Each structure stands twice: as C-alpha cells, then as structure tokens.
Amino acid sequence: MRSLRVRFALLLGGTALIALLAATGVLWSIRLTENVIERTLAAQHRLELLAELSGRLAQYGFAAIDSVGNPDAPPEALSVTRDRVDQALNHVDDAIGSGMATSANLEDRIQYVARTRPLANVRAARAMLDRQVTLVRRETDPDLRKTAMQGALNAFGAMTGPPLSLLIEAERRSMTAGSEAARTLSQRLTAAALAATVLALAFVGVLYRSVTRPTLARIEEIRRAAGAVGSGALGTRLSVETRDELGLLVANFNRMAARLARREGRLAADRAALEDTVEARTADLRAANGALEMVDRSRRRFFADVSHELRTPLTVILGECDLAQRSAEAAAGRMVDYGPVFTTIRKRAQRLKRRVEDLFAWPARNPARSSSTGATVSAVEVLTDAVDSAGSEAARRRVELVLEPGDHDIEIAADPEWLRQVVESLIDNALRHATGLTRITVSLSEHDTPQGRRAWVTIDDDGPGFPAGGDGLFERFRREARSGEAGFGIGLALARWVVERHDGAISLGKAEHGGGARVVIDLPSLDDGVAPESYGAGHERIGAA
C-alpha cells in the first residue's frame, strides 16, 4: 500500500466495524438488562405497596376498635383510615395491572389473574368489617359490643391474612426469579464481552502492525526533526524514503527548514534593533509618566492645603463679624465700641495673608527651617494665641475652651505661625466634627524620655472620640466626620507634616475622662522649664459651655 489514504481507510473501516459491533452488543445487553431490572423493580415496588397495605389494614382495625370502644369518638377517624385502605388497595391494583395485565407474556397474564383474586378478597374483607362496625356501634350493651367486635376482627384477620401472605410471597418469588435471571444474564454477557474483546484485540493488533506502527514511526521521526528545528537546529534534514503523502511531507519539511535558516539571520538583526527601540521608548514613557504623576500629586496637594489653610482664619473672621452683628442688634441705639472686633478681624486677616504667602512658598519652604524658627519660642504663648483665635468660634458653638498651661513655661525651637496654625486647626476639627461636644481642653506638660526632655501639647474633648483605626485619619483626603461638616480631610495630614518637620510626633487616642478624643503633639524641649510671669498653675477659660 503506497498511499496513506488506503491505509487510513482500512484503519477507519476496521474501527467503524468494531464500533458498530460493540454498539450492537451493548444495546442488546442493555435491553436485556433493562427488562430484567424492570421486572425486578416492579416486583419490589409491588412488595412495598403490599407492606403499606398491610399497615393500612392494621390501622383500620385499630380505628374500628377505637370507634366501637369509644362511642363519643368522631366517625371521621374511621372514615379517614378506610379511605387510606382503599387508596392502598388501588395502588396495589394499579401496580399489578400496569406490570402484568398489558404484558404479551402468557406467564405474566396468568400471574396477574392469580394476584387479582386475593386482592379482591381483601377488598371484600374491608367492606364486611365496615358493615360489622356499623352494626356493632348500634349495640347498647358493652359486653355484647366487645364480643361482637372481637368476632368481627377475628373474621377480618382470617380473611385478609392469607391473601396478603399469598401476594407477598408471590412478589418475593418474583424478586428472587429476577435476581436469578440478572445473575444468569450477567454471566452470559460477561462471556460474550470477553469473546468480543479477544476478537477486537486481535483485529486491532493486525491493523496496528500493518498500518499504524509504520505510520507512527515515520510521524515520530518528523516530530523529532521539527522539535530540533524549533530548538534552533535549522540544519536538520530528513531522508525521503517513500513516495506517499508522508514522503511529500518530508520533502516540504526539508525545504521549510532551509528557508527558516535563511530568514533566521535576518530576523535576529531586526529583533535586536526592535528591542533597542522598544527599550528606549519604554524608558521615555516611564519617565514621562513619573513626571506627570509628580505634577498631579503636587497640584492636588497644593490646592487641598490652600483650601484647608484658608478656612480656619476665615472662620474666625466670620465669627467676629457675627459677634459684632449680634452686639449691634443688642445695643439698640446705644454706642458700642467695635474696636476689639475690628482688631481681631485685622489680626486674622494679616495672619491669613501670611499663610497665603507661606502656602505659595510651600513645600519649597520647610517650616522647621523658616526665618522665625531660629529663635526660641514660648510654647505657652503659642498655645494662648491659638486658644484666643479659636475662642470666638467656640463661643458661637457654645463649647467651653480651656487652656491649662501647666506649672511652668516650656521653650521650644519652632515656627510659631505654623505651630499655632496646627493647634488652632486641631481645635477647629474638634469643634466641627465632634458631635455633642461641650468642652475642649488644651494642656501643656513636660516629660523625660530616652530622647531627652519633651514638651507635650494635648488637646482633649468630650465628644464621641476617634473611630477604630484612627491612625488612618492622617492620610490625605481621609474623612471620618459624622457631623455633616464640610472638609477635604487634610487637617491631620497637614498637622503631622508640620510636626514631623519640627522633629516631633503627633498621635491620636482617647481622653482620660469621658472617653472623648485626644491628640498629643510631642516636641523637643530646649530647657528645664521657665516659670511664666502672667500665668501659673491655674488655667485660662475661653468660650461658653
């Protein structure tokens, strides 16, 4: 056979013949098996129905006893059990009829007749017991009722017991016969399958030795050569031994390998040039993306910080204007000195101007290295200034704002404007975001730590406190406000930025009393403490409760 088509036609024809014979044998065996299984399952189903019928008859007997022994019992109980008995009888009758009455097998039809007669006897016994129960219930003498009921039940048992036993035994024999038939069929099918398997294996062996093995050997040779070419051995060639389709394939393979060898050199040079170009363009793109991301972050951070820095002074100015307006309405014709109000407004406006200038210079300007940082700063003066600035807003919101300067002043190296702005921003955050707030306490203390003496500025309130995972509030644009106040979520982020550039740290926690919020600013102290002149161990109270 010089053509692969003839070989594969023979192979496919033999395979199709084996498949056809196997399918025919399988269908035949399945049909036989289904018949045996159906007969066995039908017998088992009828046996289950007979068991159910037996139980229904027993329930009917108990219901009859209860109906006779208890004259006041409702007749519905007996009627329900009677209906269940009739339903079970109908199920048995239907199962016997569907399995045997319509069968073309004469033996099945004979068994159907043999089963219908005992079933009719059971129906007659049920009807007779029903009539006897009706007659017994009319009897007024209890002893006669009991005697009559016993006789009726004995007769009922004698009439139903043998037929039921006969039916159950017949179904058991049917199940046994089905099992035997299944076993015999299984043995026959096993022998037939073994014989068919031997014949099929022999036929397949002949086809394999004459058709498949030579073809597979040639194909394997081509596969190995193709793998070698794929690995880079473009000089691989095959010998053309036959003139069939495989021979033509080998010749084409040799020509393809030669063309690939010629093109490989050109592709290597082009690939190297392309990789250099892609690498250069990728580096340019990454640099451009990095620059764009840096510009975008700087832009968003700048505008967010400008909004936050301008809001607090404007809040104070508006608060002073509200106080002036209320004072004017309360004066009602008498002279009122608005000098302090305008002084506060001017002071806040000047601070707002300085803050705008600082923001336009930030982050090029480091607050820890500003022109005003070289001198020593009084921590109490900074805190007093921040509390004074926030006092009007606290009064407007009816919140008590208290300053506790401690036993002595503490000198620190810091930009007073930035530090004041941080403390004022923290007070403003508490006023705006702490629901149900009534008191804010700003305190100053000094502590010895392994890093040296440290000044602690603590802002406590009696609000609901920070939520779980409060450290995440230091992230920019992170907001956890529950009061409905507007904001961009940059106050704490900006405060940490300023404090860290003063070699300090800021942390969130819970207040000692009341479970409110606490913010602690930890800054390095420059001395061992200087007693203040204008304040002592007491505290300053600003705002109204």
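The shown structure was predicted, so the numbers you read here are calculated from the model rather than taken from an experiment.
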Item checked: Short N-O contact, Arg439 and Asp462, less than 4.0 angstrom -> no
Check: Roughly how far, to the nearest 0.5 Å, is the CZ atom of Arg126 from the CG atom of Asn121?
Finding: 14.0 Å
Note to self: Do Leu201 and Thr197 have side chains that approach each other closer than 4.5 Å (heavy atoms only, starting at C-beta)?
What the structure shows: yes
Next item on the list: Enter the distance from Met256:CE to Asn254:CG here, rounded to the nearest 0.5 Å.
Entry: 8.5 Å
Notebook entry, point to check: Any idea which heavy atoms bring Pro162 and Gly157 closest together, and the distance?
Noted result: CD-O, 4.0 Å
Checklist line | Smallest separation among heavy atoms of Ala257 and Val229, with atom names | finding: CB-CG2, 4.4 Å
Next item on the list: Show your reasoning for whether side-chain contact (heavy atoms from CB on, under 4.5 Å) applies to Thr81 and Val85.
Entry: CA-CA 6 Å; Thr81 55; Val85 170; 5.5 Å; no
Item checked: Heavy-atom check, side chain of Leu426 versus side chain of Ile521, under 4.5 Å -> yes
Notebook entry, point to check: How far does NE2 of His433 sit from CG of Asp428, to the nearest 0.5 angstrom?
Noted result: 7.5 Å
Check: Within a reach of under 6.0 Å around CD of Glu220, are more than 12 heavy atoms found that belong to other residues, nucleotides or ligands?
Finding: yes
Next item on the list: Locate the shortest heavy-atom distance separating Ala124 from Met159; write the atom from each residue and the value.
Entry: C-CE, 4.4 Å
Checklist line | side-chain contact (heavy atoms from CB on, under 4.5 Å) between Leu57 and Val122, intermediate numbers included | finding: CA-CA 9 Å; Leu57 290 172; Val122 174; 3.9 Å; yes
Next item on the list: For residues Ser425 and Asn429, determine if any side-chain heavy atom of one lies less than 4.5 Å from a side-chain heavy atom of the other.
Entry: yes
Item checked: Closest non-hydrogen atom pair, Leu437 against Gly463 -> CD1-N, 3.9 Å
Next item on the list: Using modelled atom types only, decide if a donor and an acceptor are shared between the side chain of Ser54 and the backbone of Leu50 within a distance under 3.5 Å.
Entry: no
Notebook entry, point to check: Charged N to carboxylate O below 4.0 Å: is that the case for Arg266 and Asp270?
Noted result: no
Check: Measuring from Arg518:CZ to Leu508:CG, what's the distance to the nearest 0.5 Å?
Finding: 12.0 Å
Notebook entry, point to check: Is the backbone N or O of Leu292 less than 3.5 Å from a side-chain atom of Asp296, with the two atoms forming a donor-acceptor pair by type?
Noted result: no
Item checked: Minimum-distance pair of heavy atoms, taken over all atoms of Arg56 and Ala88 -> CG-CB, 4.0 Å
Notebook entry, point to check: Could you give the distance from CG (Leu119) to CZ (Arg123), rounded to the nearest 0.5 Å?
Noted result: 5.5 Å
Next item on the list: Answer whether the closest heavy-atom distance between the side chains of Asp522 and Thr449 falls below 4.5 Å.
Entry: no
Next item on the list: Kindly compute the distance separating CD (Glu52) from CZ (Arg84), expressed to the nearest 0.5 Å.
Entry: 10.5 Å
Check: Which atom pair, heavy atoms only, marks the closest approach of Ala517 to Phe466?
Finding: CB-CE1, 3.5 Å
